[in-house]
Amino acid sequence: MYFPVSYSTLSHKALREFIGMTYGLNDITEFRYLLRGMNDTYLIKTSKDNYVFRVYRADRRSEYSEVAFEIELLTYLDGKEIPVSLPIADQSGNFIQTLNAPEGNRFGVLFSFAEGTERSIDDEEISHLFGKAVADIHMKTDGFQSEFTRQPLDLEYLIHQSLVSIEPYMTHRSVDFEWLRTFAKQLEERLLEFPLEELDWGICHGDLHGNTNISFKEDMSYTHYDFDLCGFGWRAYDIAEFRLAREVRLRHDPDKLEQLWNAFIEGYESVRKLSEKDLQAVPIFVGIRQLWLMGLCLGDSHIHGSIDFDDDFITEKLDFFKNLQV
């Protein structure tokens, strides 16, 4: 009897051999599995260069077009002199590999290594710099278009699909789930008051918390990476993740939160202006982003395990929503 698979771990040896043969990397000195998350990430070291190989999840990126959109965007950003981790073509000129895994086809891409290290966004100087870097992406992608399709970061994706992911894990807390559903509806209604066409819409990175998506060198030059969540969306949503990440880390210090947020916005607006309406929408998008993250975590608990996403996790999220001022 064939037993279905939700998420497989590819053979380490076979993948190393495949990459060496496909990309002509005959002098691999280290091949290391770094991260299991939204995708599988591998570090590759050779005698001359370092690389990262990403294997996308079959349930998250099931269509070739979704990955091709990201590859096209990264190439576009490079052409606009935005420092990004770039896709690398194989010996046949292909950027995307199709890997036949037990759960179905998974796509793989080799990327250049983002030199430097992660830096905590914990002072005004680096917050200002990060704000400028984010604005540069937004400004220089205003003209981006693609023949490939990818899920837009719209209300269907951010709110409605998130509730669908959350509901099965709150059947034992039906009253709480109904409260959450009502709260999500209120967030949507608050956003629709603007109206939406007056909010800035364009390419978003999708995960701008400022930690595991930008690498800094000693001179504070940087490289953006991990555009797996990119797509067309509201720019206020994109920057709301920066504020949410600071809120989560600095809830005990609201003054420090405002210092970092103001420095980020000052940096952003030194490159590209935000409308007053976009700024007013950020607190709403903070709530929407947290709802999306809750749906992501609970929806993936069958893959990562549910030990970290139990009742305490649900209660923590509900408490966040109940204290959120929008």
Side chain to side chain donor-acceptor pair (under 3.5 Å) partners of His138, counting only residues at least two apart:
Asp238, Tyr268

May I ask you to say whether Arg246 pairs ionically with Glu241, meaning some side-chain N is under 4.0 Å from a carboxylate O?
no

Under the salt bridge (charged side-chain N to carboxylate O under 4.0 Å, His left out) test, which residues partner Asp27, sequence neighbours left out?
none

Indicate the ring-plane relationship of Phe130 and Phe264, choosing parallel, tilted or perpendicular according to the 30° and 60° boundaries.
tilted

Quick check: do Leu99 and Phe18 have side-chain heavy atoms less than 4.5 Å from each other?
yes

Could you verify whether a donor N or O on one side chain and an acceptor N or O on the other, from Tyr23 and Gln97, lie under 3.5 Å apart?
yes

Salt-bridge contact Asp300-Arg60 (side-chain N to carboxylate O under 4.0 Å)
yes

Does a salt bridge link Asp228 with Arg61, judged by any charged N lying under 4.0 Å from a carboxylate O?
yes

Using 4.0 Å as the upper bound for N to carboxylate O, is an ion pair formed by Asp59 and Arg57?
yes

Can you give each donor-acceptor pair under 3.5 Å made by side-chain atoms of residues 193-210, sequence neighbours left out, with the distance rounded to 0.1 Å?
unit_1	atom_1	unit_2	atom_2	d
Glu193	OE1	Arg190	NH1	3.0
Glu198	OE1	Lys277	NZ	2.1
Asp200	OD1	Arg235	NH1	3.3
Asp200	OD1	Arg272	NH2	3.4
Asp200	OD2	Arg235	NH1	3.2
Asp200	OD2	Arg272	NH1	2.9
Asp200	OD2	Arg272	NH2	2.6
His205	ND1	Asp207	N	3.1
His205	NE2	Tyr225	O	3.3
His205	NE2	Asp226	O	3.1
Asp207	OD1	Arg289	NH2	2.6
Asp207	OD2	His209	NE2	3.4
His209	ND1	Asn211	N	3.1

Side chain of Glu178, backbone of Val175: donor and acceptor closer than 3.5 Å?
no

Student check: side-chain heavy atoms of Tyr169 and Ser301 closer than 4.5 Å
yes

Please identify each residue that fulfils side chain to side chain contact (heavy atoms under 4.5 Å, CB included) with Thr29, with sequence neighbours left out.
Lys45

Residues pairing under ring pair (Phe, Tyr, Trp, His ring centres under 6.0 Å) where one sits in residues 82-104, two or more places apart or in two chains, turn out to be none

Side-chain H-bond candidate by donor/acceptor type, Asp278 with Ser275, under 3.5 Å:
yes

For Lys13, what residues pass the side chain to side chain contact (heavy atoms under 4.5 Å, CB included) criterion, not counting sequence neighbours?
Ser11, Glu17

Under 3.5 Å, which donor-acceptor pairs link side chains of residues 155-163 to any protein atom two or more places apart or in another chain?
unit_1	atom_1	unit_2	atom_2	d
Glu156	OE1	His160	ND1	3.0
Tyr157	OH	Trp292	NE1	3.2
His160	NE2	Glu188	OE1	3.0
Ser162	OG	Leu158	O	2.6

If every non-hydrogen atom of Ser165 is compared with every non-hydrogen atom of Gly295, which pair is closest and at what distance?
CB-O, 3.6 Å

Is there side-chain contact between Leu244 and Val248, with heavy atoms separated by less than 4.5 Å?
yes

Taking the basic N atoms (NZ, or NE/NH1/NH2) and the acidic carboxylate oxygens, is any pair closer than 4.0 Å for Glu70 and Arg150?
yes

Check whether the side chains of Thr41 and Asn39 place a donor and an acceptor atom closer than 3.5 Å, and report yes or no.
yes

Report the residues that fulfil side chain to side chain contact (heavy atoms under 4.5 Å, CB included) with Cys297, sequence neighbours left out, ordered by chain and then residue number.
Phe309, Phe313

Salt bridge (charged side-chain N to carboxylate O under 4.0 Å, His left out): which pairs involve residues 93-106, sequence neighbours left out?
Asp40-Arg106, Glu103-Arg106

ring-ring contact (aromatic ring centres under 6.0 Å, His included) partners of Phe321, counting only residues at least two apart:
Phe183

Contacts of Phe31 meeting side chain to side chain contact (heavy atoms under 4.5 Å, CB included) (sequence neighbours excluded), chain-then-number -> His12, Leu15, Arg16, Ile19, Ile28, Tyr42, Ile44

Is the shortest distance from a Lys or Arg side-chain nitrogen in Asp176 or Arg173 to a carboxylate oxygen in the other one below 4.0 Å?
yes

Salt bridge Glu266-Lys132, side-chain N to carboxylate O under 4.0 Å
no

Excluding sequence neighbours, so at least two apart, what forms ring-ring contact (aromatic ring centres under 6.0 Å, His included) with Phe111?
none

With distance as the sole test, does Arg181 use its side chain to make a donor-acceptor pair with the main-chain N or O of Phe177 at under 3.5 Å?
no

When you check the gap from the basic side-chain N to the acidic O, do Lys140 and Asp136 get nearer than 4.0 Å?
yes

Please say which of Tyr64, Phe148, Phe107, Phe144 ends up in a ring pair (Phe, Tyr, Trp, His ring centres under 6.0 Å) with Phe69.
Phe144

Can you find a pair of side-chain heavy atoms, one from Lys317 and one from Leu180, that are under 4.5 Å apart?
no

